Structure formats: structure tokens, C-alpha cells
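Just so you know, these numbers come straight off a predicted model, no measurement behind them. In what follows, every chain begins at residue 1, and chains take the letters A, B, ... in the order their sequences are listed.
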Amino acid sequence: MSLTLTGIPARRGGLALRAAGIVLILVAAPLAGICIGETRIPVGTVAQVLANRLWDAGYPVDPIDEGIIWAYRLTRALVAGACGAGLAICGVILQSLLRNALADPYLLGISAGASTGAVLVAVAGLGAAFLPMSAGALIGALLAFALVTMLARLAGGGAGARGAGQIVLAGIAGSQLFNALTSFIIARSANAEQARGIMFWLLGNLSGVRWDDVRLALPAALLAVAVGLWHVRALDAFTFGAESAASLGVPVRRVQAVLILAAAMATAVMVSIVGSIGFVGLVVPHAARFLVGVRHARLVPAAALIGMVFLIAADILSRVMVPGQVLPIGVVTALVGAPVFALILIRRRSAP
Amino acid sequence: MMLRATDLGWHTRGRAIVKGVTLQVARGEVLGLIGPNGSGKSTLLRLLSGLLKPSSGRVELAGHPLSRLSRRDIARILAFVAQQADTSDRITVRDAVELGRTPWLDALRPWSAEDDHHVATALATVEMQGFETRDWITLSGGERQRVHIARALAQCPQVLLLDEPTNHLDIHHQLAILRLIARLGLTTVVALHDLNQAMGCDRLAVMQGGRLIALGTPAAILTPDLLHRVFAVRATELTDPEDGSRVLRFHHVT
Amino acid sequence: MSLRFASLTLAAALCAASAAQAQTDYPLTIDNCGFPISFDGPPENVVAIGQAATEVLYALGVQDRMAGTSLWFNEVLPEFADADATVERLADNAPSFESVVNKRPGFVPTMFEWMVGAQGVVGTREQFADLGIPTYIMPPDCEGKDNLVGADGTRLAPFDIATLYKSIEEMAAIMDRAERGAEIVTDLKAREAAVVERAEALDLPDASAVVWFSSADMELDPYVAGRKGIPAWMLERLGLRNVIESDEEWPTVGWESIAKADPSVIVLARMDRRRFPADDYERKLEFLKSDPVTSHMSAVKQDRIVILDAEAMHASIRLIDGLETLAEGMAALKE
């Protein structure tokens with residue numbers, strides 16, 4: 001079905017309709033995130049709080065309710081949406097460039113490096129007082145990415161299928177190294193009590209999100225989406241590999257550098273804010289391809305939207321699945337993501 | 001001259017793959033590139049298309065040094081059809097051909113009716129109209145090769161480089177592709193495996209051990225002596241009674 | 001309530017029995033958390049895993065029969081400083097299996113099943129039993145508690161102070177110090193009764209509370225006391241209702257849920273540990289007063305916040321100290 005749809009791109013026709021649909025999703029998804037939470041707050045109260053904050057409506061609202069909606073739920077929904085969109089775009093970019101269906105932001109060792117940085121700050125007593133855990137994560141992520149790209153380069157990476165293979169291998173090596181470092185740090189200097197706190201954070205957590213995180217996550221996601229949209233044709237050109245892209249006029253090295261750097265930065269920012277949330281970068285691009293096909297002009301916006309909705313929904317689930325308690329969102333994304341991924345794989349195979 | 005190579009060389013890991021190649025291709029000319037396996041034909045094509053940077057010498061495309069042109073500028077003049085370019089993506093024939101418009105588009109210059117026209121023309125040229133919505137993975141080898149050529153044609157190139165386009169095709173499709181190339185009227189360099197097919201080219205370049213050892217018309221090049229020296233075969237010449245053209249028959253050298 | 005009563009009488013009976021015979025009759029066999037252990041005579045070279053277990057031994061005055069201690073959270077109680085100086089500190093955190101076994105211990109008591117147990121960090125009880133070393137888990141951490149569920153274990157039944165008294169009496173019996181053990185327990189029980197009386201006299205109407213231990217990062221969901229753990233027992237003894245409804249020992253609960261429950265008192269843990277920013281109780285206070293939601297909670301607005309030592313929330317001889325501190329804090333709120 002998707003084949004015939006992508007075969008003849010419906011240009012112009014339904015453009016306004018599609019734009020309206022996109023705007024609807026952009027508004028409805030965070031709104032759902034604001035209305036559903038750990039505790040029950042009537043939709044009317046939610047509307048009053050939003051009216052107060054956006055138009056100074058001046059409804060009398062319980063300040064705790066107002067704080068929960070404006071400072072907790074809205075920021076969470078916005079950061080969840082930004083992370084989902086950003087990670088999904090990173091997945092699209094890496095899968096297209098590396099010509100590898102299994103590529104995702106975690107492949108390049110970025111999340112492993114972020115974890116090491118966070119653990120180093122929190123456990124090894126580099127001093128939580130001087131450096132917040134998220135800053136440690138960002139430094140670790142960039143360091144791991146630099147190391148992995150250097151290793152790939154030394155191993156003869158570059159344009160072409162061989163280069164793509166080398167960066168995958170370098171990413172695996174880097175992930176192993178940084179995961180081992182994390183375990184080493186925990187084993188050496190933490191008692192199990194602290195280790196558990198860290199593991200909870202590593203599984204992904206949106207509970208500590210506030211407005212300053214929104215100011216970081218939103219631009220990072222917008223940047224990733226913008227870079228992706230700017231390069232939709234270049235990404236298409238990689239369909240038949242890097243050499244084919246070069247022969248189609250794509251400055252392969254520069255495009256690869258810009259796209260991968262954007263993906264790494266966005267991932268590092270997301271990991272530093274919410275910890276490592278698996279499966280979004282891997283599953284969402286495949287789901288988007290299943291729905292709108294492989295052409296990036298549709299794939300990039302579709303993946304961003306699906307990623308956004310997926311993570312906001314996962315966040316809502318993580319808050320309501322066990323009453324009175326919040327699950328790590330990484331657990332929810334994996335629980336939902338893994339079966340969905342399996343389903344897509346099977347459906348793709350059996351489709352004509 | 002559309003394409004000019006001067007003292008072109010390329011080596012990797014201390015081994016010279018192509019050395020000292022000098023040749024020129026005139027506008028509208030079809031130059032056939034022949035030689036045994038590993039003689040450097042594919043590497044020479046990649047050097048001519050700018051996909052590889054030469055270790056020595058230089059290439060000029062339509063009078064401009066290739067090294068000074070951007071990838072996009074090159075792709076607007078020259079299209080390259082690689083020997084094996086496959087994908088596991090679920091793209092359609094039309095998607096694949098549309099890729100040919102890449103060098104003419106960017107974020108500020110979106111797809112237009114003109115691009116639709118070029119894609120339609122390219123598909124018509126390779127006789128693949130009606131295949132637009134077919135999935136790439138359902139195509140036969142010959143159909144894929146024709147789509148690749150259509151993709152190259154959608155680039156609106158003046159120069160077309162093809163690396164063994166008839167490889168792995170059945171005889172019907174081999175002839176169809178060759179007829180198509182001859183009809184296009186573009187400046188063409190085509191690496192070929194089959195020496196009888198090479199006879200249809202305007203001129204032939206013979207590669208051996210990375211060197212260009214002969215360059216001239218098919219009649220002047222495909223002599224029993226050269227065939228013996230380069231391809232290690234004994235050849236006899238026959239005449240096709242249908243159109244009077246020369247046909248080569250090869251025998252094992254005993 | 002009737003269950004609690006039953007276990008209290010049981011503990012009283014045991015207490016009476018051991019008090020009757022000042023000297024332990026060896027061989028002594030005890031069922032400890034479903035694992036039988038036996039002693040042919042008073043054990044030598046005792047290695048304690050956990051500050052609580054160590055301090056019970058110091059209180060019993062048996063430091064001369066100890067070969068090592070480990071897993072410390074705070075400074076030793078001042079009255080035990082001299083005793084502690086004579087015992088080797090094998091590790092500040094969990095000791096390795098070999099470092100314990102090397103001491104040829106005749107007895108290895110621990111305060112946590114996750115140290116010695118099915119998923120023991122140091123080893124399993126079978127590993128020690130194979131070498132003929134009897135291990136002992138202080139009953140507060142195994143009776144009515146499943147340590148294989150939840151990060152810090154999950155309570156199947158509310159914490160019962162009788163299990164702590166039982167630990168002291170059993171360890172006293174094992175060490176042939178039954179008389180001293182009975183004295184300690186009698187003293188603790190008297191203090192417990194007194195503090196409960198004082199709290200009742202305060203007559204706080206429908207008071208509720210939350211106990212905030214720490215948070216992995218300042219703004220993350222905090223670790224708070226579950227409804228069946230030791231802090232919950234302390235709250236209940238003093239007539240406070242815990243707003244947290246999880247059975248886990250230290251669940252993470254969102255600030256949204258806590259703020260909506262709006263407890264009348266907030267208890268903050270004070271500790272020497274500095275792993276997370278929120279380990280510092282002043283940072284906790286700062287957060288409560290500045291966060292856009294928690295700053296509107298009634299306990300924060302009316303400054304009904306009590307600071308309590310983390311060590312007093314362990315099942316140790318310090319537990320009644322903690323109960324007294326909490327009661328004092330409540331009394332101060334009253335004024």
C-alpha cells in the first residue's frame with residue numbers, strides 16, 4: 001500500500017490538509033501529556049492554567065495544580081516530544097548515511113559515553129557540587145563520539161560501504177569500552193545503593209525536567225530536524241551508496257560530517273537531559289518508512305512527528321502504568337518498541 | 001574536447017593501479033574501454049568521473065580542470081553508471097530516476113514541472129514508461145540497468161560514463177542497452193567485456209596492467225596480434241553474411 | 001494489629017527465656033530467615049558486615065572476639081569509639097568474600113540480605129556454610145521482606161520492632177552474652193514506650209508525613225520511605241500517616257504525587273554521604289522552598305520540616321534515638 005502511495009508523490013494536492021494534520025499532531029500530543037499524569041487534575045483546571053499562563057486570564061487555580069501543569073507536565077511533554085523527534089531524526093540520518101538498518105544514535109557509542117560521564121560525576125565523586133550529572137554526560141558523549149570517529153578513521157573509514165562498516169565496528173568497540181568503564185567506576189567506588197540510583201537514571205528519566213531543560217532540548221531537536229530537512233535530497237542520493245551519491249553531485253565527505261555531527265550533538269544533548277532512552281532512534285525511522293516510504297522529504301518530517309508522539313505517549317504510560325510510582329521511560333520504550341519493531345520486520349517481509 | 005586525461009595515475013597501498021594514461025574524448029564520441037580483468041578499467045572510469053582523486057596527472061571536463069569543479073558542477077555535466085549499485089530500500093522506479101535530478105535541486109530550488117519532464121523523458125528513452133510505480137526489488141537485472149541509465153539521463157549530462165553496463169544481462173538485454181547507448185548521441189566512455197560488442201564503438205582504448213597500450217578505431221585495434229598479446233587468445237575474423245560486418249571468433253592459445 | 005501483638009508477646013517470651021538462663025547452652029541451633037545455623041561454643045573471630053550489626057556487637061561488649069567489620073555509613077557512636085579502634089575495618093563498603101573468609105570467622109552477622117543472601121554482594125549463605133561459617137541476617141531485613149523485588153527490597157508485612165529486639169537477643173545468645181542482650185532490649189523498650197507517650201501527648205490532629213531520603217539528581221523523582229518500612233513504622237508510632245503507598249523500602253515517587261498528597265510534615269534525611277546533591281539536607285530544603293510546585297506545599301509554607309539522621313532509619317540500636325529525635329522535632333512544630 002505504501003509503495004503505491006510513494007510511487008507518485010502527491011505534490012500540492014492535499015498539502016493544506018497535510019499541514020493542518022501536522023499542526024494538529026504538534027498541538028494535540030503535548031496537550032495529552034499535560035492532561036494525563038500521576039494524579040488526577042480535571043481538564044477544566046488544565047485549560048484554566050493554560051489560559052492564565054498564556055493570556056493572563058486570571059482564573060483562581062490551586063497554585064500546586066498550576067505548578068504541576070505548567071512547571072512539571074508541560075516541560076515534560078515538551079522535552080519528551082523534542083527528545084523523540086530529535087532521536088528519531090538522528091536514527092534516520094545514521095541509517096541512511098551508513099546504509100545500515102540497525103544504525104541508531106547509540107551505535108556510535110554516544111549513549112555509552114554519556115553514561116560514563118554521568119557516572120563519573122555522580123559516583124566517583126568528581127564532585128556533584130562542581131558539575132551537574134548532565135554536564136558530565138554531555139562531555140562523555142562528545143568524547144566517545146570523537147574517539148569512535150577517530151578509530152573509524154584509523155581503521156580506514158570514509159566514504160563507501162567499507163567506511164560505513166568501519167564506523168559501525170568502531171561504534172561497537174567504543175560502546176563496549178565505555179560500558180566497561182561505567183561498570184568499572186561503579187564497581188570500584190560505589191556501593192550498591194548509589195549504583196541503583198545511577199542505573200535508574202541510565203534507563204532514561206524525564207522526572208527531573210524543568211524549563212531550563214526545555215530551552216536546551218527544543219533547540220537541539222529543531223536543529224536536528226532543520227539539518228535533516230535541509231539535506232533531504234542528499235540523504236535520498238545515498239540510496240545506492242556513497243559513491244552513487246558522489247556521482248549525483250553530493251559532496252559526500254562534507255555532508256556526512258555535517259549530518260553525523262548534528263546527530264551526535266542532538267543525541268548528546270538528549271542523553272544529558274533524560275538519560276539513555278533506547279529504541280526510539282531505531283524503531284521510529286522504520287515505522288515512518290513503513291507509513292510514508294523511504295524518500296526523505298516525507299520520511300524526515302514523518303519520523304520527527306512519530307518520534308515526538310511516541311515518546312510523549314511512552315512518558316504518559318511510564319507515569320500511569322504503576323499508580324503512585326514512575327517507571328523509567330527507557331523501560332516503556334523498550335517494552336513497546338521491541339514488539340512493534342518485530343511486527344514491522346515481519347510485515348515488511350510479507351508485503352509484496 | 002569534452003574529456004581529456006593527461007598522464008593520469010592512481011596508486012593504493014604502494015601499488016599502481018593506473019599509470020600514465022593520456023586520452024581525449026571528442027564531443028558525441030563513444031569510446032569503448034577494453035582490457036582483461038584487473039587491467040584498471042573501473043579505476044580509470046572513477047578517475048575520469050572525479051570519484052577518485054588522481055595520484056598524478058589531471059582530468060579536464062569540458063575545458064575545466066576536474067579538481068577545480070565542485071561535485072555538483074561535475075554531476076551537471078557528467079553522469080556515471082556504476083557496475084553494481086543496489087539498494088535494499090523499498091524505492092520505486094520513479095524514485096530511483098528522480099535521484100538523477102539531485103544536482104539540479106537544493107533546499108531553495110524545489111521540484112518543478114521541468115524535473116517531472118526530464119524524468120519522464122529519461123524513462124521513455126530507456127523504454128521504461130509504465131514501470132514508474134514498480135518496486136525496485138521486483139525488477140530484473142536488465143530492468144535495473146535501464147533504470148540506472150535513466151537515472152543518469154535525468155541528470156541531463158553531456159558526458160556519460162558506464163562501467164560494464166551489459167554485465168550479467170541476457171543477450172537480448174545486452175543488445176538493447178548497447179543500441180540505447182549508441183542512440184543517445186552523448187559523449188560516452190563505456191567499459192566493455194565483450195570484444196564483439198566493443199566493435200560498435202567509435203574508438204577503443206585498450207588497458208593492460210594499468211597502462212593504456214592502444215587507442216584507435218576498432219578495425220585498427222582488434223588485430224589478431226593485439227588480441228593475442230593482451231587477452232591471450234587466438235582470434236579469427238568472420239564476416240556476417242547478413243550485414244557484412246566483422247565478427248571475431250576466439251580460440252584458446254595452445 | 002493482632003499480628004503485631006502476637007509477635008510482641010512471642011518476643012517477650014523469648015526474652016524471658018533467655019533472661020532466665022544467663023549462660024547459653026551449646027550446641028545452639030537457631031533458625032535464621034529460614035536457614036538453620038548452629039554453634040558448638042561461643043564463636044571467635046567474628047566478622048560483622050554492616051554498621052548496625054557491628055554496633056550491636058559493641059553494645060554486647062564482645063569486640064575482643066571480633067576479627068573485622070565493614071559497610072559503614074556514619075561515624076561510630078561515640079560510646080563505642082574505643083571498642084571500634086581495636087577492630088580491623090576490612091572495607092568501608094562491601095568486603096570481598098575472601099577478605100571475610102581469610103579471618104577464619106566463627107560467625108558472620110550482617111544487617112542486609114543483599115550483602116549475604118541469595119543475591120549477596122559478598123556471597124551466598126551456602127558459600128559460607130560450605131566452609132563451615134555460620135552467617136546471620138538481622139531479622140528486620142528478612143522477616144516479612146522480599147529482597148529480590150524492588151531496588152531496596154519490598155516489605156510483605158510492615159516492619160516490626162520485635163524483629164530488631166529479636167536480633168539483639170539472638171546475637172547475644174550466640175555470643176554467650178544473653179544477660180547483656182536482655183538489658184539492652186529492656187532499656188530500648190522502655191524508651192520506646194516513653195517516646196510514644198510523649199508523642200500522644202502532643203495530640204497532632206490528622207497529621208500526615210513524607211520522609212525524603214535523597215534523589216539521584218536534584219530535580220529527579222525523590223527516594224521516599226515506603227509505607228511498610230522502618231521510617232513508616234516510626235511515623236506510625238508517633239501517630240503520623242505516611243502519604244506514600246508503595247510497599248517498596250525506598251520507592252521513587254514523583255513530586256506531583258507528593259505535592260498533591262500535601263503531607264502536614266516533611267522529614268528530611270541528614271547523612272554524611274555526598275554521592276548525590278540531594279544527600280545534603282540543606283540542598284533538599286533549598287529545593288523545597290524554590291521549586292514552583294513544592295514551595296506551595298503546606299508543610300513548606302508553614303515550615304513544618306523535621307531533619308532526621310539517616311542512620312536512625314536503619315534497624316539498629318540507634319532506631320529509638322531516631323524516634324526520640326523525630327518526636328522532639330514534632331514537639332518543636334507544635335510550639
Residue [X] versus chain A: region with a heavy atom under 4.5 Å:
X	result
B/Ala82	side chain
B/Thr102	both
B/Arg101	neither
B/Arg151	side chain

Original post:
Between B/Asp194 and B/Gln174, does any side-chain donor sit less than 3.5 Å from a side-chain acceptor?
Top reply: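 Note: B/Asp194 and B/Gln174 side chains miss the donor-acceptor criterion.
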Original post:
Relative to chain B, which of A/Ala297, A/Gly249, A/Pro251 shows the most heavy atom pairs under 4.5 Å?
Top reply: A/Gly249
Original post:
By side-chain hydrogen bond (donor to acceptor under 3.5 Å, both in side chains), which residues pair with A/His296, not counting sequence neighbours?
Top reply: A/Ser96, A/Asp236
Subject >> From CA spacing to verdict: salt bridge (Lys or Arg N to Asp or Glu O under 4.0 Å), B/Arg94, B/Asp116 >> reply: CA-CA 10 Å; B/Arg94 182 167 177 112; B/Asp116 275 331; 2.6 Å; yes
Subject >> Segment of A/Val232 engaging chain B (4.5 angstrom heavy-atom cut-off) >> reply: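 For A/Val232, neither part sits under 4.5 Å from chain B.
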Original post:
If you count heavy-atom pairs under 4.5 Å with chain A, which of B/Leu108, B/Ile74, B/Leu105 comes out on top?
Top reply: B/Leu105
Subject >> Top contributor to chain A contacts, counting heavy-atom pairs under 4.5 Å, from B/Thr87, B/Val81, B/Asp86, B/Asp73 >> reply: B/Thr87
Original post:
What's the verdict on salt bridge (Lys or Arg N to Asp or Glu O under 4.0 Å) for B/Asp135 and B/Arg90, showing C-alpha distance, side-chain angles and the deciding distance?
Top reply: CA-CA 7 Å; B/Asp135 195 346; B/Arg90 296 180 72 92; 3.7 Å; yes
**OP:** Could you pull out the closest heavy-atom pair between B/Ala198 and B/Ile34, with the gap in Å?
**Re:** CB-CG2, 3.7 Å
Subject >> For B/Trp136, all residues meeting ring pair (Phe, Tyr, Trp, His ring centres under 6.0 Å), sequence neighbours excluded >> reply: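 A/Phe240, B/His148.
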